[in-house]
Amino acid sequence: MTSHQPPEQVGSHVVGQSESDESYQRFRREDRSLGEIVSEVMDNASTLVKQEVELAKAEAKVAAGRAGKGIGMFVGAAVGALMALVALTLCLWWAIGVLIGTETSPALGWSGLIVTIIWLAVAGILAAVGKSELDKIKGLPKTQDTITKIPNAATGHEEKNR
(Lines give C-alpha, C1' and ligand atoms only; values in the text may rest on other atoms or scores of the structure.)
Protein backbone atom coordinates (compact mmCIF):
# COMPACT_ATOMS: atom_id res chain seq x y z
CA MET A 1 0.00 0.00 0.00
CA THR A 2 1.21 3.38 -0.89
CA SER A 3 -0.13 6.60 0.41
CA HIS A 4 -0.47 9.39 -2.08
CA GLN A 5 0.85 12.61 -0.60
CA PRO A 6 -0.54 15.86 -1.92
CA PRO A 7 1.95 17.82 -3.99
CA GLU A 8 3.80 20.66 -2.28
CA GLN A 9 3.53 24.19 -3.63
CA VAL A 10 6.83 26.06 -4.04
CA GLY A 11 6.27 29.43 -5.61
CA SER A 12 4.24 28.88 -8.76
CA HIS A 13 5.61 25.33 -9.30
CA VAL A 14 4.10 22.15 -7.97
CA VAL A 15 6.66 19.78 -6.45
CA GLY A 16 5.76 16.12 -6.22
CA GLN A 17 4.43 13.34 -8.38
CA SER A 18 1.93 14.65 -10.87
CA GLU A 19 -0.60 12.17 -12.21
CA SER A 20 -0.30 13.84 -15.61
CA ASP A 21 3.50 13.48 -15.72
CA GLU A 22 4.15 11.05 -18.62
CA SER A 23 7.30 9.46 -17.20
CA TYR A 24 5.61 8.90 -13.85
CA GLN A 25 2.63 7.32 -15.57
CA ARG A 26 4.92 4.99 -17.49
CA PHE A 27 6.67 4.10 -14.23
CA ARG A 28 3.32 3.31 -12.64
CA ARG A 29 2.32 1.02 -15.57
CA GLU A 30 5.59 -0.89 -15.40
CA ASP A 31 5.76 -3.14 -12.44
CA ARG A 32 9.54 -3.35 -12.07
CA SER A 33 11.71 -3.35 -9.01
CA LEU A 34 14.51 -0.91 -8.45
CA GLY A 35 16.98 -3.77 -9.01
CA GLU A 36 15.49 -4.47 -12.44
CA ILE A 37 15.70 -0.82 -13.39
CA VAL A 38 19.31 -0.58 -12.20
CA SER A 39 20.12 -3.79 -14.08
CA GLU A 40 18.66 -2.36 -17.28
CA VAL A 41 20.57 0.88 -16.83
CA MET A 42 23.81 -1.08 -16.31
CA ASP A 43 23.11 -3.21 -19.40
CA ASN A 44 22.47 -0.08 -21.45
CA ALA A 45 25.65 1.52 -20.13
CA SER A 46 27.61 -1.64 -20.94
CA THR A 47 26.19 -1.70 -24.47
CA LEU A 48 27.04 1.96 -24.92
CA VAL A 49 30.62 1.41 -23.77
CA LYS A 50 31.00 -1.58 -26.13
CA GLN A 51 29.65 0.48 -29.03
CA GLU A 52 32.03 3.33 -28.24
CA VAL A 53 34.97 0.90 -28.13
CA GLU A 54 33.96 -0.55 -31.50
CA LEU A 55 33.66 2.96 -32.95
CA ALA A 56 37.10 3.85 -31.60
CA LYS A 57 38.56 0.68 -33.12
CA ALA A 58 37.04 1.48 -36.51
CA GLU A 59 38.29 5.06 -36.40
CA ALA A 60 41.75 3.92 -35.30
CA LYS A 61 41.90 1.43 -38.17
CA VAL A 62 41.10 4.13 -40.73
CA ALA A 63 43.57 6.55 -39.11
CA ALA A 64 46.28 3.86 -39.03
CA GLY A 65 45.77 3.16 -42.74
CA ARG A 66 46.12 6.82 -43.59
CA ALA A 67 49.13 7.16 -41.30
CA GLY A 68 50.76 4.18 -43.03
CA LYS A 69 50.30 5.80 -46.43
CA GLY A 70 51.66 9.11 -45.13
CA ILE A 71 54.68 7.43 -43.55
CA GLY A 72 55.31 5.55 -46.79
CA MET A 73 55.37 8.85 -48.67
CA PHE A 74 57.82 10.32 -46.14
CA VAL A 75 60.07 7.28 -46.51
CA GLY A 76 60.01 7.74 -50.29
CA ALA A 77 60.89 11.40 -49.85
CA ALA A 78 63.74 10.47 -47.49
CA VAL A 79 65.14 7.98 -50.05
CA GLY A 80 64.96 10.69 -52.74
CA ALA A 81 66.73 13.16 -50.44
CA LEU A 82 69.40 10.54 -49.67
CA MET A 83 70.02 10.02 -53.40
CA ALA A 84 70.33 13.79 -53.86
CA LEU A 85 72.80 13.91 -50.95
CA VAL A 86 74.89 11.14 -52.54
CA ALA A 87 74.93 13.03 -55.86
CA LEU A 88 75.89 16.25 -54.06
CA THR A 89 78.65 14.40 -52.22
CA LEU A 90 80.05 13.09 -55.52
CA CYS A 91 79.95 16.61 -56.98
CA LEU A 92 81.77 17.99 -53.92
CA TRP A 93 84.31 15.17 -54.08
CA TRP A 94 85.03 15.89 -57.76
CA ALA A 95 85.19 19.69 -57.24
CA ILE A 96 87.65 19.39 -54.34
CA GLY A 97 89.68 16.90 -56.39
CA VAL A 98 89.96 19.39 -59.26
CA LEU A 99 90.83 22.24 -56.84
CA ILE A 100 93.74 20.41 -55.23
CA GLY A 101 94.78 18.60 -58.39
CA THR A 102 94.26 19.53 -62.03
CA GLU A 103 91.28 19.28 -64.33
CA THR A 104 92.88 16.48 -66.30
CA SER A 105 94.32 14.74 -63.22
CA PRO A 106 92.11 15.47 -60.17
CA ALA A 107 93.33 14.38 -56.72
CA LEU A 108 90.38 12.07 -56.10
CA GLY A 109 91.97 10.17 -53.22
CA TRP A 110 92.64 13.25 -51.11
CA SER A 111 89.34 14.91 -52.04
CA GLY A 112 87.48 11.72 -51.07
CA LEU A 113 89.22 11.80 -47.69
CA ILE A 114 88.28 15.48 -47.20
CA VAL A 115 84.61 14.84 -48.05
CA THR A 116 84.58 11.84 -45.68
CA ILE A 117 85.99 13.99 -42.86
CA ILE A 118 83.32 16.64 -43.54
CA TRP A 119 80.54 14.02 -43.30
CA LEU A 120 82.05 12.52 -40.13
CA ALA A 121 82.06 15.99 -38.54
CA VAL A 122 78.40 16.52 -39.51
CA ALA A 123 77.50 13.06 -38.11
CA GLY A 124 79.37 13.78 -34.87
CA ILE A 125 77.59 17.10 -34.36
CA LEU A 126 74.18 15.53 -35.07
CA ALA A 127 74.92 12.63 -32.69
CA ALA A 128 75.96 15.02 -29.89
CA VAL A 129 72.83 17.15 -30.31
CA GLY A 130 70.64 14.01 -30.45
CA LYS A 131 72.20 12.60 -27.28
CA SER A 132 71.68 15.92 -25.53
CA GLU A 133 67.99 15.87 -26.45
CA LEU A 134 67.59 12.26 -25.29
CA ASP A 135 69.27 13.06 -21.97
CA LYS A 136 66.52 15.66 -21.33
CA ILE A 137 63.83 12.95 -21.31
CA LYS A 138 62.56 12.32 -17.80
CA GLY A 139 60.11 9.53 -18.63
CA LEU A 140 56.47 10.13 -17.80
CA PRO A 141 56.60 12.02 -14.49
CA LYS A 142 52.95 13.18 -14.42
CA THR A 143 51.66 9.73 -15.34
CA GLN A 144 53.83 8.08 -12.70
CA ASP A 145 52.53 10.55 -10.12
CA THR A 146 48.86 10.00 -10.96
CA ILE A 147 49.21 6.20 -11.14
CA THR A 148 50.49 6.11 -7.58
CA LYS A 149 47.33 7.98 -6.50
CA ILE A 150 44.89 5.46 -7.99
CA PRO A 151 44.79 2.98 -5.06
CA ASN A 152 43.91 5.71 -2.54
CA ALA A 153 41.28 7.20 -4.85
CA ALA A 154 39.73 3.79 -5.53
CA THR A 155 39.41 3.04 -1.82
CA GLY A 156 37.92 6.42 -1.00
CA HIS A 157 41.03 7.81 0.73
CA GLU A 158 41.81 10.51 -1.80
CA GLU A 159 42.89 12.90 0.98
CA LYS A 160 46.06 10.78 1.32
CA ASN A 161 47.04 11.85 -2.22
CA ARG A 162 47.43 15.48 -1.25
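Scope of the values below: all heavy atoms of this structure, side chains included, with no hydrogens, waters or symmetry mates. Being a predicted model, the structure only gives us computed values, none of them experimental.
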Q) In the hydrophobic clustering (ILVMFWY, side-chain contacts below 4.5 Å, transitive), which residues join M83, or is it alone? A) none

Q: Would you please name every residue forming a side-chain hydrogen bond (donor to acceptor under 3.5 Å, both in side chains) with W119, sequence neighbours left out?
A: T89

Q. Do you know which two heavy atoms are closest between S111 and G97, and how far apart they sit?
A. CB-N, 3.2 Å

I'd like a table of donor-acceptor pairs (distance under 3.5 Å, sequence neighbours excluded) in which one partner is a side-chain atom from residues 64-72, with atom names and distances.
none

**Q.** Evaluation steps, side-chain contact (heavy atoms from CB on, under 4.5 Å), between L126 and V122
**A.** CA-CA 6 Å; L126 290 174; V122 169; 4.0 Å; yes

(Q) Tell me if a side-chain donor or acceptor on T47 pairs with a main-chain N or O of D43 at a distance below 3.5 Å. (A) yes

(Q) Which residue in the set T116, I118, V115 passes side chain to side chain contact (heavy atoms under 4.5 Å, CB included) when paired with W93? (A) V115

Q: Supply the atom-to-atom distance E54 CD to E52 CD, rounded to the nearest 0.5 angstrom.
A: 11.0 Å

Q) Between L90 and I96, is there a shared hydrophobic cluster once you connect ILVMFWY residues whose side-chain heavy atoms come closer than 4.5 Å? A) yes

Q: Let me see the working for L108 and W94 under side-chain contact (heavy atoms from CB on, under 4.5 Å), right down to the final yes or no.
A: CA-CA 7 Å; L108 296 179; W94 187 264; 3.5 Å; yes

(Q) For a 4.5 angstrom cut-off between non-hydrogen side-chain atoms, does L55 reach Q51? (A) no

Q. Out of curiosity, does I117 fall in the hydrophobic cluster containing W110 (side-chain heavy atoms, cut-off under 4.5 Å, transitive links)?
A. yes

